[in-house]
Amino acid sequence: MRLASFNVNSIRVRLPHLRRFLARHAPDVLFLQELKCRTEQFPTADLAETGYAMHALGQAGGRNGVAVLSRLPFAVTAEALPGDPADEEARYLEIEAAGIRMAGIYLPNGNSGGAAGFAFKLRWMERLLAQTRAHLDAFRPFAILGDFNVCPTDADLAPGLLAPTDALVHPEVRSRFRALLWSGMTDAAAALGQHPFTYWDYGPAFEANRGLRIDHALLSPELAERLQGFGVDLLARAEEQPSDHAPIWVDLAD
DNA sequence: ATGCCGCGCTATGCGCGA
């Protein structure tokens, strides 16, 4: 089984890249982030020919937005992370497919909005931890894929690319990422000894390979036992008019 | 220490992304 994630940075602009990724890597389930469209603008009809079933969660104002494409039957189990009724941002989509709970996330960046924006990121991570614990306590196989906006360690970014106070590497943020790992989740790439970059700024960064590892797949223990491989689709990042993120995928034994 | 890109928007500069 192949699970994948792709921050498209506008689904309407990146529709051709999405099609090519599906053709190249044929994921069973693919989570998308940064749709930058409203729910009704998601190109469901354009993608119908791919054979994937879809569920999109857009947002007014062209911000955020997450979706899932699946060729396995699935049920939507959550369209928001519990714990903050005032949070109406489209950043969390959870499904159950093949007996596995899977969450696609677009974790807040935390660099904008001043102290309140950073605090929102920390609270969001604490809510994600609570949701993770609830699933693990119930012995539900659980996978989290998406744009975490966290470089977990110094091996996960080009040296000197970010200031130590940046919200992607801030100690308080890394601490909360580690709490997810301590709860029982396995960082799939790191478990395979890989720290591949998944994001490069527009401009010369990709050619110079000055990037960040911020897109991750986290697996509950029973899924980690099935971990067979992890990959980053560099071709998608090398194409014309790319997203600033590359798609990632994780392979699990059937 | 940073947005020189890229995207969306009741636009024609700004906020945001990382």
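Predicted, not measured: the structure shown is a model, and the values here were computed from it. When reading the values below, keep in mind they use all heavy atoms of this one structure, side chains included, and skip hydrogens, waters and symmetry mates. Here is how names work: the chains are called A, B, and so on, in the same order as the sequence lines, proteins then strands, and each is numbered from 1.
- Separating the P atom of dA1(B) from that of dG15(B) is a span of 23 Å, rounded to the nearest Å.
- Atom CG of D28(A) is separated from atom CG of L69(A) by 12.0 Å, given to the nearest 0.5 angstrom.
- Across all strands, N7(A) comes closer than 4.0 Å only to sugar-phosphate atoms, never to a base (heavy-atom distances).
- dC16(B) and dG3(B): their C1' atoms are spaced 10 Å apart (whole Å).
- A side-chain donor from one of N111(A) and D166(A) sits under 3.5 Å from a side-chain acceptor of the other.
- One can place CZ of F118(A) at 14 Å from P of dG17(B), the figure rounded to the nearest angstrom.
- Classification of the F206(A)-W200(A) ring pair by plane angle, with boundaries at 30° and 60°, yields perpendicular.
- Using a 4.0 Å heavy-atom cutoff across all strands shown, D147(A) reaches sugar-phosphate atoms only and no base atom.
- For the P atoms, the distance from dA18(B) to dG13(B) is 26 Å, rounded to whole Å.
- Between F148(A) atom CZ and dA18(B) atom C1' the separation is 16 Å, expressed in whole Å.
- When each of G110(A) and R210(A) is assigned the nucleotide of DNA chain B bearing its nearest heavy atom, the one mapping closer to the 5' terminus is R210(A).
- Residue pairs meeting the ring pair (Phe, Tyr, Trp, His ring centres under 6.0 Å) criterion with at least one partner in residues 219-254 of chain A, sequence neighbours excluded, are H25(A)-W249(A), Y199(A)-H245(A).
- Nucleotides dC4(B) and dC9(B) are separated by 22 Å at their C1' atoms, to the nearest Å.
- Remark: H245(A) is not in phosphate contact with dG17(B), judged by side-chain N or O atoms under 4.0 Å from OP1 or OP2.
- Rounded to an integer number of Å, the gap from R174(A) CZ to dA18(B) C1' is 14 Å.
- One C1' atom belongs to dG6(B), the other to dA11(B), and the distance between them is 15 Å to the nearest Å.
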Passes side chain to side chain donor-acceptor pair (under 3.5 Å), E88(A) versus Q59(A)? Steps please.
CA-CA 9 Å; E88(A) 296 184 344; Q59(A) 186 176 317; over 6 Å; no
Reading nucleotides 2-9 of chain B 5' to 3', which nucleotides get B (base under 4.0 Å from a protein heavy atom), which S (sugar-phosphate only), which -?
BB-BBSSS
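- Residue pairs meeting the ring pair (Phe, Tyr, Trp, His ring centres under 6.0 Å) criterion with at least one member in residues 27-51 of chain A: none, sequence neighbours excluded.
- Ring centroids of H216(A) and F177(A) are separated by less than 6.0 Å, placing the two rings close together.
- Rounded to a whole Å, the CZ atom of R237(A) is 13 Å from the P atom of dA18(B).
- Here, dC7(B) and dT2(B) have their P atoms 24 Å apart, quoted to the whole Å.
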